[in-house]
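Here the structure is a predicted model, which is why all the values come from computation and not from measurement. FYI, side chains are in, hydrogens and waters are out, and symmetry mates aren't considered; it's all heavy atoms of this structure. Numbered from 1 within each chain, the chains take letters A, B, ... in sequence-line order.
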There are 2 protein chains.
Amino acid sequence: MKNNVTMRDIAERLGVSSVTVSKALNDKEGVSDDLKQKIKTVAEEMGYRYNTLAKSMKEGVTYNIGVIIPERFTGAVQSFYLNMYQSISRALEQYGYYGILHILTNYDEKELNLPRIYVEQKVDGFIILGQVGKKYIEKMKSMDLPKVFLDFYDEHAEIDAVITDNFYGAYDITNYIVSQGHRDIAFVGNIYSTSSIQDRFLGYLKSLLEHKIRPEESMVINDRDEEGRYIEMKLPERLPTAFVCNNDQVAHNLIQQLKREGYNVPDDCSVVGFDNDVYATLTEPQLTTVEVNVEEMAGNAAEFIIEKVKNPIKTYGRVSVKGKIIYRDSVKEIKTR
Amino acid sequence: MKNNVTMRDIAERLGVSSVTVSKALNDKEGVSDDLKQKIKTVAEEMGYRYNTLAKSMKEGVTYNIGVIIPERFTGAVQSFYLNMYQSISRALEQYGYYGILHILTNYDEKELNLPRIYVEQKVDGFIILGQVGKKYIEKMKSMDLPKVFLDFYDEHAEIDAVITDNFYGAYDITNYIVSQGHRDIAFVGNIYSTSSIQDRFLGYLKSLLEHKIRPEESMVINDRDEEGRYIEMKLPERLPTAFVCNNDQVAHNLIQQLKREGYNVPDDCSVVGFDNDVYATLTEPQLTTVEVNVEEMAGNAAEFIIEKVKNPIKTYGRVSVKGKIIYRDSVKEIKTR
DNA sequence: CTGAAAGCGCTTACAG
DNA sequence: CTGAAAGCGCTTACAG
C-alpha cells in the first residue's frame, strides 16, 4: 500500500546493519563520513522516507499537539479562532510538531467527555483555545498531559495561559477616547461571561477612574446571554458620546443598531472595538480598535506547550501579549463642554 | 512522563496474557464473556488508554489525513477555507481519522517542496483544499498516497475532486437576475485564474445564451491579477443593470466601489455574489448569493479519502455538490424596456 | 567504526 | 477459550 522502503532495505542493499543506517541518517557519531554519505545517497535513490511512527513508538511521543476549540466559537463568521489555529499550526511545525484540531461540541462539554485524541493517545499535549466551562476545566485536569490555555484563563486553575493584554488594551483605547474629549462613555459587554471581557471592562474602568469620570451602572450595556448568544442591546436613555465595545463584532452590531435608530457614527457618537478582526474593516465606518497580536500569541502557546512536553514541571503562569491600537474612522473628537 | 498503563500491565494484574487482553478490549472472539468483562473493568480501573501508535505501527496506517491549503487562501479575512477545514476535521473524526492542517507556503509551492507531513509519513492521504499551481500538482503525483482535490479540479489530472456546482450555481443565479428583468448583465472575475471562476463564468454565459442575450466582451470585468490579488475594477462605460460576481468578497468590493462612484445598490444596479460567506451578510445591502454546501463538500471529501486509503484503486472522478440561491437585498426587479 | 540484541505496545496467525 | 511467538520500523545501550 505504501512504498515502504525501510532502513533495513537500505542496510541490505549496502551490506551493513540497520543500526549503521539509523546512525548515518540521523547524523549520529560512529559511522565513517564515507559510509554516511553512501548511505544517504542510497536512501535518496530508493525513495526512503523516515517513519515517524516507529520513532514515536520507541520514544512514547506522538509529536502531535491537540488544539481544542469550543464549538460555540466556530460559527461561520467567527474566523478569529480558526485563524489563530492556523498560526498555531505553523508555529508548531517549526518545532517538528503538528496540530490536531478538535472542536469541542457543546454536548461533550456538558457531558464532560474528554476528547478522543486524548483517549487514543494521539497527542502529547493540549492548547485550549477559547474559554471552556469551569467543570470541563476541572475534568481536563484529570488528563495527565501538559496544557496551555490560549486567549483566556481561569483564576482557580494553575494552568499556564497566553492571553492578550485585555486590561491595558481597553485601558489604552479608553484613554484615547477620553483624549478626544469624551466623558460619557459606555462599555458594551456581558462582564460576567468571560475573563477577557471582564478584564477589558476593568481596563475601561481604570481609565474612567483616572480621569475622574464617575462610572455609572447604566453605562454598562449587556450584549449577550449566559450561553454567549448575542442579544438586542438596550441603549441608555441618555445616549453616551462614545461606546467601548468588548469586541469588533459587537461594535459592528451596535453600529447597525444605532443606524437603525437614526444615529450616525461617528458624528453622533463614537464606537471602538477590540480584536481587529474581519468586522473591523467591514463595518461602516471602519473601526478604531485594538489589534490582537495573533502571531505572537500563537507562537508563545506553541513554544510553551512544547517545552512542557519535554519538561512537564515547567510553568509559565499567565503571559499576556501586548496589542496595539489601530486608528480608523469610528471615533470623532468632540469639544469639551 | 505518561501514565503508560499497557495491556501487559492489565494482563499481569489478572494473570492472563496480553493477547487475551487485546482480544477482550477489541471485542474480538476467543475470550469468555466473563473474562472479557473483568478485563474491561480492570482496564477502566487502571486508567488504561489505548495506544493508537502501536496499532498504527503494526498496521502501517497513521489514521491522519493531511489537509493542504495554499497560503494565499488563508488571509486574515479569508475564513472560507479555514471554515471548510473545520468541517473536514469533524467529518474525519467520524471515521476515527484526524486532520493535520498544512499551509502550503508560496515558497514551497514554487520550489516544489513536498509537505513534511508526507516526508515524515505522518499521514495516509491528502485533501488539497484550494487550487494549487499546475507544476505543484504534477509534483504531488509523485506522492504515493491517495489525494482528493477539494473546491477545484485540474483538467489534466486524474485526481478525484469534490467541487461546488459552479456552473449551475452561476447559471441559476443569472437566470434569476434575468427573471427580474435585467438584460445588461456583467460578469466580474478573472476567468483565467481558477477553474471555479471559469465555470461560474460559463454558467453565466449559458444563461445569457438561453435568453438570447448577446454576450459582450466589455461585460467581463477583471477583478484580480495573475497572483490572485484583487485589483481596482474597471467599470464599463455604459453601466450594466446587474453584476454577477464570482464571489462574495468581490461583490463586496464592487459595491464599495460603486458607492464611491455615487451609485446605489440595488436601486441603480443589482449585484450578486457566490459562496455565502462572511461578506454576504456584512455588505450593505446584504447579498443575494449562491450558498456553497460546505458541510456536504467536506463530508464527501472525507469519505472519499478514507475509502481511498482503504482501497487505493477506488476512484470517484469529479463530484459536484449543489449549492442554493440565498435571496437577500442586492437585486432589484426592473421594468423591461 | 560497526553491529547483535532488546524493546517500544500492540496484533496476527497459529498452536494447544 | 487461552497464550507463546513473531513482527511492525526504529533506537538505545552495549559489546567487539
Side-chain angles (χ1 to χ4, degrees), chain A residues 1-40 42-43 46-64 96 118-124 144 309, chain B residues 1-40 42-43 46-64 96 118-124:
Chain A
M1 210 148 141
K2 298 218 197 155
N3 78 9
N4 273 344
V5 179
T6 70
M7 287 189 181
R8 176 140 59 203
D9 297 331
I10 300 173
E12 273 169 19
R13 174 89 87 91
L14 284 164
V16 298
S17 83
S18 61
V19 176
T20 304
V21 174
S22 169
K23 283 176 186 159
L25 259 26
N26 287 298
D27 268 326
K28 294 245 168 96
E29 304 251 294
V31 191
S32 65
D33 284 353
D34 217 40
L35 184 53
K36 215 178 240 181
Q37 256 319 315
K38 210 179 294 172
I39 289 175
K40 284 185 179 173
V42 172
M46 298 177 73
Y48 174 75
R49 285 187 292 142
Y50 190 87
N51 188 326
T52 322
L53 240 42
K55 188 187 184 197
S56 291
M57 252 280 288
K58 194 75 177 61
E59 299 178 352
V61 174
T62 67
Y63 295 102
N64 293 145
Y118 170 70
V119 178
E120 294 176 356
Q121 304 205 54
K122 289 280 284 189
V123 296
D124 303 330
D144 56 337
V309 165
Chain B
M1 205 147 142
K2 298 219 194 152
N3 77 13
N4 272 347
V5 179
T6 70
M7 286 189 181
R8 177 138 62 202
D9 297 331
I10 300 172
E12 271 169 19
R13 174 89 85 91
L14 283 165
V16 297
S17 82
S18 59
V19 176
T20 305
V21 173
S22 170
K23 284 175 185 159
L25 259 28
N26 287 299
D27 268 327
K28 294 245 168 96
E29 305 252 294
V31 190
S32 66
D33 285 354
D34 218 39
L35 184 53
K36 213 178 241 182
Q37 256 319 315
K38 212 179 290 172
I39 290 175
K40 285 184 178 174
V42 172
M46 298 175 74
Y48 173 74
R49 284 188 293 141
Y50 191 87
N51 187 326
T52 321
L53 240 42
K55 190 189 184 194
S56 291
M57 252 279 287
K58 194 75 175 61
E59 300 179 352
V61 174
T62 66
Y63 295 102
N64 292 145
Y118 170 70
V119 179
E120 293 176 356
Q121 304 206 53
K122 289 280 285 189
V123 297
D124 303 330

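One finds the OH atom of Tyr50(B) at 11.5 Å from the NZ atom of Lys122(A) (value rounded to the nearest 0.5 Å).
Residue Thr20(A) places none of its side-chain N or O atoms closer than 4.0 Å to OP1 or OP2 of dT2(C).
For Ser32(B), the side-chain atoms get nearest to dC1(D) when compared with the rest of dC1(D), dC1(C), dG3(C).
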Practice task
Given side chain to side chain contact (heavy atoms under 4.5 Å, CB included), test Asn51(B) with Thr6(B) step by step and report yes or no.
Solution key: CA-CA 8 Å; Asn51(B) 187 326; Thr6(B) 70; over 6 Å; no
Exercise for the section: Assign a letter to each nucleotide of nucleotides 9-16 of chain C from its 5' end: B, base within under 4.0 Å of a protein heavy atom; S, sugar-phosphate only; -, no contact. Expected result: BBBB----
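The closest side-chain heavy-atom distance from Gln121(A) to Leu53(B) is not below 4.5 Å.
To the nearest angstrom, P of dG3(C) lies 13 Å from CD of Glu12(A). For the pair Asp9(B) CG and dG7(C) C1', the computed distance is 15 Å after rounding to whole Å.
Smallest separation of non-hydrogen atoms from Lys55(A) and Tyr63(A): NZ-OH, 3.5 Å. Of all the heavy atoms in Lys36(A) and Val31(A), the pair that sits closest is N-CG1, 4.0 Å.
Nucleotide dC14(D) forms a Watson-Crick or G-U wobble pair with dG3(C), both donor-acceptor distances falling under 3.5 Å.
One N or O on the side chain of Thr52(A) and one on the backbone of Glu120(B) form a donor-acceptor pair closer than 3.5 Å.
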